[in-house]
Amino acid sequence: MFRHRWTRALRGISMASASVALVGGALAAPAQADTAPKPGSNPAVDYQDPVDATPPVSRPDTEHCSVTAVDHDFGYTLGGPPYTTTLTPPKKCEGPWNKVVLDWSGSVKGRQYDRLAAVFIGGAEVFRTSTAEPDDDGISWHVAKDITDFTPLLKDPQKLQLELGNVVNETYTGVYRIKLKITYYQADRRHPAATTADRVVPLGDTGSDSAPWMSVGNGGSTRTDVTFPRNLTDARLEVYARGGGCDEQWFDAVPSDLAETAPDYLCGGGPYREVQVTVDGQPAGLAQPYPVVYSGGIVPTLWRPIPAIDQFGTEAYDIDLTPFAGLLADGKPHAIGITPYGAADSWNVDGSLFVGTDAHKARTSGGVTTNTLSHTPVVKTVQTPGRNGSTDVSVSTGRSWKISGYVETSKGRVTTTVEQKFAYTNTDNVSATGSHQVMHQRDHGSTTVTTQARGRTDAQRSTWSYPIDVDLDIPLYGDYNNYDMKAAVTQRRVIVDTSRKGSARGWRTDAVTDDTVDSAGSIARTAGVVQSADGASTENYRGTTDTGACYSRSLRTAHGWVTADRQHHCRVADVAREALKG
C-alpha cells in the first residue's frame with residue numbers, strides 16, 4: 001500500500017535483504033520475558049510468524065466437511081481480474097448447518113509490500129484483509145472467520161472470487177501463496193441450525209469480471225439500486241470501508257493548508273472520517289471507521305510479530321435499515337448509497353444486505369416516522385502556533401440522532417427505532433517541519449436499536465471506543481537509502497454489546513471485546529545499509545469468545561519474537577465493567 005513519500009521509503013527499508021549488516025536493536029527487551037530472542041534478531045530482516053491475542057473461532061463437535069476453494073500463488077496480479085472459481089457445498093454436508101467457517105492461510109518470502117485483499121461469494125464480500133510483509137526466510141499466517149450469516153448464498157453453487165493485487169519484479173520478489181478453505185458444520189440435536197436472514201443481497205458491482213468492491217474518492221459515493229421483497233420485515237446492511245493512499249492512515253492527516261507546508265511528510269484533508277449510508281438520498285445511518293494500520297504502516301517493525309488491530313481480519317460495520325423496511329417493500333427499486341465522508345483519497349467500500357421476510361403475508365407496508373440524522377457533521381478545527389515553529393491542531397465533532405419507522409406485518413405493527421450518540425476528538429502536535437507528529441484520537445459512542453411489537457419492547461445496544469495514539473519521529477530523511485525513523489503506537493478497540501428484553505430493567509451483557517496493542521519500532525539506514533532496526537510490543541485482550549465464554553490473553557514481544565504468552569482466568573461481568581470505563 002502506498003502512502004506519502006516517507007512511507008514508501010520506509011517500506012523499502014523494511015524489506016531489505018537479510019545479507020545487510022546489522023547493528024544492535026534500538027529498543028530494550030520487555031520485562032518478564034519467558035524466552036530470549038535469537039542472538040542478533042532484527043525484525044527488519046527476520047521475525048516470527050504473526051500472532052495475536054484474540055480468541056479463536058469455535059468449531060462445533062458435529063459432522064463436518066471442508067472444501068479447499070483456493071490454493072493459488074499470487075504473483076503479478078495488480079490490475080488483473082480476481083482469482084475466480086465456483087464454490088459448491090459438499091454433498092456429504094448439504095445442511096442445514098450449525099456453522100460455516102472460512103480459513104485463510106497465507107505465506108510469502110522475499111521482499112513485498114502489504115496488499116489489500118478480499119473474498120467474495122456470489123458477489124458478496126465475506127472477508128476483507130491485508131497481507132503481511134515478509135522477511136527473506138518467509139513467514140506464514142492464518143485467519144479464521146465465521147461466515148454463517150451468508151448461509152442463504154452458500155446453499156447453492158456460487159462464483160467465488162479472491163482479489164489480491166500484487167506486483168512481482170526484480171525488486172519485489174514476494175509471491176503470496178494463499179489457501180482458502182471453507183468448512184461446513186452440520187446441525188444436529190445439540191447444535192441446531194443457525195438462524196440467518198432469508199436473503200443476502202450484495203451491493204457491489206457483480207456485473208463485471210473485476211472484484212465487486214467499489215473505489216470511491218474525495219466527495220464520492222456509491223449507488224446501488226435494489227428491489228426488495230414485497231413482504232420485507234427487516235434489513236441490515238453490512239459495510240466494509242478501508243482507505244488507500246493518504247487515507248490509509250487518515251487519522252494522522254492534518255488540515256490541507258498545513259499539509260502543503262510539508263508534502264513529503266503530511267497528508268491533508270484533516271483526520272475526521274465517517275461512513276454514511278443513504279436510502280434514496282435520505283440519511284439512513286452511519287458508522288465510525290476503525291483506525292486500521294496496514295502491516296507496512298507508520299513503521300513496519302511496530303507490527304512484527306503482533307499485527308495491528310484489524311490488520312488481518314477487517315471487521316465490517318452494521319447499519320440497521322429496518323426503520324425503512326415499510327418503504328422499501330413497495331416493489332420499486334431503491335438506491336442504497338455509501339459515502340466515506342471526509343475522504344481525501346480513495347476508499348474501497350462494499351456492502352451486503354441481510355433481509356428478512358414475512359412467511360405469512362404476501363405484502364408488508366409502513367413508513368418512516370422520525371429521522372433527525374443530517375447529511376453533514378459539524379466538524380470544528382483549530383490550529384494554534386506552538387513552540388519552536390510547531391503547530392497544534394485540534395479537531396472535534398459529535399452526533400446525536402434518531403430514526404424510527406414501522407412495518408405492518410402478519411403479527412401486527414412492528415416499530416423499530418435506531419438511536420446513536422458519539423463524540424470525537426483528535427489532537428496533533430506537528431513539529432520539525434512536519435517530520436514529527438504526536439497524535440491522540442478518541443472516538444466513542446453507542447448505538448441502540450429498540451423494537452416495539454404487541455406491547456413488548458426489546459432493545460439492543462452496542463457501545464464502542466476506538467482510541468489511538470501515535471508518536472512518529474523522522475529525524476533524518478534524505479532519500480530511500482538514508483533515513484532514520486521511529487514510532488510508538490497504542491491502539492485499542494472496545495465493543496460491548498448488551499440487550500434488554502421486555503420488562504427487564506437491567507441490560508444483559510451479550511459480547512465484549514477489549515483489545516489493546518502497544519508497540520514501539522525503529523529503523524535507520526545509511527548509504528543503503530541498515531544501521532539499526534528493532535521493535536517491541538504487547539497485546540492484552542479481554543472479552544468473550546463467540547460462544548460467550550470469558551477469554552483473557554496477553555502477549556509480549558521483543559526484536560520480532562514472542563517472549564511471553566499468558567492466558568488468564570476472567571469473568572464476563574468484570575471484563576464488561578472495566579471495558580465500559582474506557
Side-chain angles (χ1 to χ4, degrees), residues 57-60 62-67 69 87-90 93-103 119-128 144-160 182-204 206 212 226 228-240 313 315-322 324-325 328-329 336 350-361 364 407 409-411 414 416 449 451 453 458 460 462 497 499 510-511 544-548:
V57 174
S58 66
R59 315 277 177 150
T62 69
E63 182 181 351
H64 56 276
C65 308
S66 295
V67 173
L87 177 67
T88 302
C93 295
E94 292 184 331
W97 304 306
N98 172 262
K99 198 168 195 176
V100 183
V101 177
L102 177 152
D103 284 285
V119 178
F120 307 85
I121 297 175
E125 186 168 353
V126 302
F127 177 65
R128 181 174 292 197
K145 183 182 178 183
D146 181 349
I147 61 169
T148 312
D149 281 352
F150 292 89
T151 292
L153 287 177
L154 301 173
K155 293 177 181 178
D156 302 308
Q158 297 282 359
K159 179 167 68 173
L160 183 147
I182 312 293
T183 304
Y184 305 79
Y185 295 88
Q186 290 285 93
D188 59 23
R189 187 170 298 178
R190 292 189 304 114
H191 305 87
T195 300
T196 66
D198 295 320
R199 300 185 190 181
V200 178
V201 181
L203 295 187
T206 60
V226 179
F228 291 81
R230 296 299 302 270
N231 60 342
L232 181 70
T233 58
D234 57 272
R236 173 177 66 89
L237 177 61
E238 184 179 273
V239 179
Y240 282 104
E315 294 289 340
Y317 310 108
D318 279 344
I319 310 292
D320 197 322
L321 299 181
T322 303
F324 295 85
L328 298 174
I336 309 299
D350 199 4
S352 296
L353 284 162
F354 297 81
V355 302
T357 56
D358 193 329
H360 304 288
K361 192 170 185 178
T364 56
V407 184
T409 74
S410 60
K411 296 180 180 180
V414 179
T416 302
V449 179
T451 304
D458 296 336
Q460 295 178 314
S462 181
D497 294 332
S499 60
D510 298 319
T544 52
T545 66
D546 56 9
T547 63

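We count residues from 1, following the sequence as given.
Salt bridge R59/D103: present, at least one basic N to carboxylate O contact under 4.0 Å. Salt bridge annotation for R230-D358: absent, with no cationic side-chain nitrogen under 4.0 angstrom from a carboxylate oxygen.
The closest side-chain donor-acceptor pair between S499 and D510 falls under 3.5 angstrom. Side-chain contact, S66 with T183: a donor N or O sits under 3.5 Å from an acceptor N or O.
Side chains of R199 and P152 form no contact here, defined as non-hydrogen atoms less than 4.5 Å apart. In this structure, the side chains of I182 and V101 stay at 4.5 Å or more apart for every pair of heavy atoms. Under the 4.5 Å side-chain criterion, counting only non-hydrogen atoms from C-beta, V201 is not in contact with F228. Two residues are said to be in side-chain contact when any heavy atoms from C-beta on lie closer than 4.5 Å; L102 and V119 meet this criterion.
In terms of heavy-atom proximity, T357 sits nearest to D198 at N-OD2, 2.7 Å. Nearest heavy-atom pair, S410 versus H360, reported as atom, atom and distance to 0.1 Å: OG-CB, 3.7 Å. When every heavy atom of P89 is checked against every heavy atom of P157, the shortest pair comes out as CD-N, 4.2 Å. The two atoms that bring L232 and A325 nearest to each other are CD2-O, 3.7 Å, heavy atoms only. Residues F120 and D350 share a closest heavy-atom pair of CE2-OD2, 3.4 Å. Minimum heavy-atom separation, P192 to N98: O-ND2, 2.8 Å.
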(message) Could you walk me through whether D188 and E63 satisfy the side-chain contact (heavy atoms from CB on, under 4.5 Å) test, starting with their C-alpha distance in whole Å, then the side-chain angles of each, then the deciding distance to 0.1 Å, before giving a yes or no?
(response) CA-CA 9 Å; D188 59 23; E63 182 181 351; over 6 Å; no
| task | Begin from the C-alpha positions of F150 and F354 and carry the test ring pair (Phe, Tyr, Trp, His ring centres under 6.0 Å) through to its verdict. | result | CA-CA 9 Å; F150 292 89; F354 297 81; 5.2 Å; yes
From CA spacing to verdict: side-chain contact (heavy atoms from CB on, under 4.5 Å), T151, K99: CA-CA 9 Å; T151 292; K99 198 168 195 176; over 6 Å; no
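Counting only distance, with no hydrogens or angles, the side chain of T416 and the backbone of T451 share no donor-acceptor pair below 3.5 Å. Under the 3.5 Å distance criterion, the side-chain polar atoms of K145 are matched with a main-chain donor or acceptor of V126. Between the side chain of Q186 and the main chain of G95, a donor-acceptor pair closer than 3.5 Å is present. Remark: the backbone N or O of A511 is not paired with any side-chain donor or acceptor of D497 at under 3.5 angstrom.
With rounding to the nearest 0.5 Å, the separation of CD in E94 from OG1 in T88 is 11.0 Å. Taken to the nearest 0.5 Å, the CD atom of Q460 stands 8.5 Å off from the CG atom of D320.
Within a 6.0 Å radius of CD in Q158, more than 12 heavy atoms belonging to other residues, nucleotides or ligands are found.
Each of T547, D546, D146 was evaluated against S58; a single residue qualifies, D546, per the side chain to side chain donor-acceptor pair (under 3.5 Å) test. Each of L154, T196, T62 was checked for a side chain to side chain contact (heavy atoms under 4.5 Å, CB included) with W97, and the lone residue meeting it is L154.
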